[in-house]
Q: 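Right, I'll just put the structure down here and ask away after.
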Amino acid sequence: MAVGLMANVRPCLAADVDVEIELPEDSPEISRHLYGHFIEHLGGVIYDGIWVGADSKIENVGGIRKRFVEDMKRIGAPNFRWPGGCFADGYHWRDGIGSRAKRPRTYNYWQAEMPKGLDHTEINQFGIHEFVQLCRLTGAEPYLAANMASGSPKEFHDWVLYCNAPAGTVTEAKERAANGDEKPFGVRWWGVGNESWGCGGDMTPQEYATLYRRFVTQFPAYQPKPFLVAVGPRGHSKDLDLGWTNGFWAAMGDGHRSRVDGLSVHYYSDFRNTPERVASFDASGWYDVIQKGFGTEEVIEQHWAAMGKYDREHRTKFVIDEWGVWYKPGEEITPAYLLSQPVTLRDAVHTAVTFDIFNRHADKIAMANVAQTINCIHSLFLAQGDRYTRTPPYYVFEMYRNHMGARLAPIHHEPADLKVRSREGTITMPGLSGSASVKGKTLSVTLTNPSLDSALVVNVALPVQVSITEARGTVLTHSEMTARNTFENPDNVKPKPHAVTVAGRRAQVSVPQHAIVSLELQIA
Ligand code: AHR
């Protein structure tokens with residue numbers, strides 16, 4: 001706890017930034033689901049990452065890695081999206097129920113990408129019951145992606161019945177009970193396909209719209225009322241893929257009555273085709289990645305404007321169900337962990353910038369899921385056998401936890417833009433990223449300084465009638481921009497308490513270079 005008079009917190013070479021925070025009564029709630037997760041049957045995400053098996057020597061709860069469960073509870077994980085990704089459009093849910101010993105071995109979409117000599121046959125040990133068990137253990141809600149490419153509306157509807165029909169009603173409910181779960185799973189979030197413009201069926205938006213209607217028209221009506229998510233754009237395309245959003249809505253527009261509660265957006269900061277390396281990089285590599293994080297805002301704004309032409313009341317919200325920094329292959333944790341990559345402080349700063357954007361657009365976004373939580377693209381954990389570490393972005397989720405379910409507090413500041421060298425020449429980006437929210441008497445403020453060279457002194461001012469009675473600061477940074485946590489050195493990058501001074505309605509805090517600072521202010 002650090003409360004006191006404004007003290008000398010000015011680090012060398014620091015510039016001042018004035019931040020004004022408003023506290024209007026009618027601002028939107030930041031859904032806790034903006035801090036959600038995506039897990040897929042891909043490389044080391046499910047097997048060895050989450051599922052170690054009930055007979056494993058690794059500490060587990062009914063087969064699920066115990067440390068994973070504990071760490072997800074610690075950050076209040078709101079949901080898991082499963083079973084894919086591309087895998088979802090080849091997955092048949094019945095393969096994953098019944099006695100584990102008798103489940104079939106099936107083809108996994110990612111097999112073709114496995115290095116020579118390594119197998120990726122799907123062993124189906126982690127099916128819907130194991131997935132719901134993970135959700136129950138962590139307190140997260142399940143979000144299921146339906147198979148539209150090789151499945152049928154009937155297979156989809158049967159899955160809905162199996163998950164949600166009350167005991168004693170249809171045959172699927174009886175079957176569920178026989179497999180150990182009498183109580184319905186109560187799945188609310190349903191993704192109708194995944195990337196149907198690519199691995200999910202290679203469709204045009206018009207073809208997809210037709211199929212979407214067939215999949216949802218006779219959706220079985222059980223509790224909870226479903227939140228139906230249609231496939232949306234590939235936001236990281238050069239043209240932001242506005243053609244998909246326009247094409248889909250135009251095709252849905254002619255008097256059709258099928259509901260669309262969410263439009264999924266995938267936005268990867270995509271470095272797969274660049275020389276960018278993950279674990280070692282220079283200043284231009286740092287700024288390139290952070291710049292793409294700031295790019296999230298344009299994707300949201302442009303697609304929101306496009307949707308508004310068809311859905312004037314904006315009934316449909318975004319579900320950004322895949323986001324993260326995706327580097328080129330070559331630095332995997334182990335060759336079998338496809339798409340896994342080291343995760344550094346740079347990815348943590350990217351996470352913070354992204355979350356600030358999600359918070360500030362809380363009125364437009366119903367859910368957002370990081371891709372993917374463990375042993376994959378933008379992971380919060382790396383795990384292999386009994387070795388395990390949290391990565392720097394894990395701590396960003398922890399530091400932003402107060403924003404979940406809080407009311408947005410609009411924030412205004414005019415930091416000088418940063419002019420920096422990237423691989424593509426000189427670029428500019430905001431010199432400070434921030435967002436704020438309020439829950440009861442707690443005002444939470446998150447501030448990120450992307451600069452590698454200069455610290456900032458941030459002067460926070462609240463409305464005149466408000467005063468700060470207590471303050472707590474936390475900082476996440478490291479002397480090295482490439483710092484990361486490894487199995488051997490898991491505590492290399494960790495949050496630390498950080499001094500903040502207060503006087504009346506004002507607080508002052510330094511935000512060191514390449515750092516994330518969170519403030520928890522008690523207000524009266
Ligand atoms: O997250 C990895 C893959 O990225 C997913 O399976 C797919 O939906 C996306 O292209």
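For clarity, every value in this text was computed on a predicted model and none was experimentally measured. In each ligand, atom 1 is the first atom listed, and ligand 1 is the first ligand listed.
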Q: Distance to 0.1 Å, residue and atom name: give those for the protein heavy atom nearest to atom 6 (O) of ligand 1.
A: E40 OE1, 2.7 Å
Q: State whether R423 and D288 are salt-bridged, where the test is any N-O pair (Lys NZ or Arg NE/NH1/NH2 against Asp/Glu carboxylate O) under 4.0 Å.
A: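 Salt bridge present between R423 and D288.
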Q: Which of the numbered atoms in ligand 1 are below 4.0 angstrom from a heavy atom of F38?
A: 1 (O)
Q: Side-chain donor-acceptor pair under 3.5 Å between E40 and W110, yes or no?
A: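 Yes - a donor-acceptor pair under 3.5 Å links their side chains.
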Q: Can you tell me the protein heavy atom closest to atom 10 (O) of ligand 1 and the distance?
A: E195 OE1, 2.7 Å
Q: Would a distance-only check, ignoring hydrogens and angles, find a side-chain to backbone donor-acceptor pair under 3.5 Å from T373 to S379?
A: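 Absent.
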Q: Tell me whether W326 reaches ligand 1 (any heavy atom closer than 4.0 angstrom to a ligand atom).
A: yes
Q: Among all protein heavy atoms in this structure, tell me which lies nearest to atom 8 (O) of ligand 1, with the distance rounded to 0.1 Å.
A: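 Here the closest protein heavy atom is E322 OE2, 2.8 Å.
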Q: If only atom types and distance count, is the side chain of T138 paired as donor or acceptor with the main-chain N or O of C135 below 3.5 Å?
A: yes
Q: May I ask you to list the atoms of ligand 1 that are less than 4.0 angstrom from any heavy atom of N194?
A: 8 (O)
Q: Among all protein non-hydrogen atoms, which one is nearest to atom 2 (C) of ligand 1, and what is the separation to 0.1 Å?
A: Q372 NE2, 3.6 Å
Q: Does W110 come within less than 4.0 angstrom of ligand 1, counting non-hydrogen atoms of the residue?
A: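 Flag set, W110 near ligand 1.
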Q: Among Y388, F381, Y394, find the residue that satisfies the ring pair (Phe, Tyr, Trp, His ring centres under 6.0 Å) test when tested with F68.
A: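 Testing each of Y388, F381, Y394 against F68, the sole residue satisfying ring pair (Phe, Tyr, Trp, His ring centres under 6.0 Å) is F381.
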Q: Look at atom 1 (O) of ligand 1 and find which of Y109, Y268, W323 reaches it with the closest heavy atom.
A: Y268
Q: Which ligand 1 atoms are under 4.0 Å away from a heavy-atom of I377?
A: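 So the answer, numbered in order with elements, is 1 (O), 2 (C).
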Q: Can a salt bridge be assigned to the pair E322 and R234 using a cut-off of 4.0 Å between side-chain N and carboxylate O?
A: no
Q: When rounded to the nearest 0.5 angstrom, what is the spacing between CE in M429 and CD1 in I290?
A: 7.0 Å
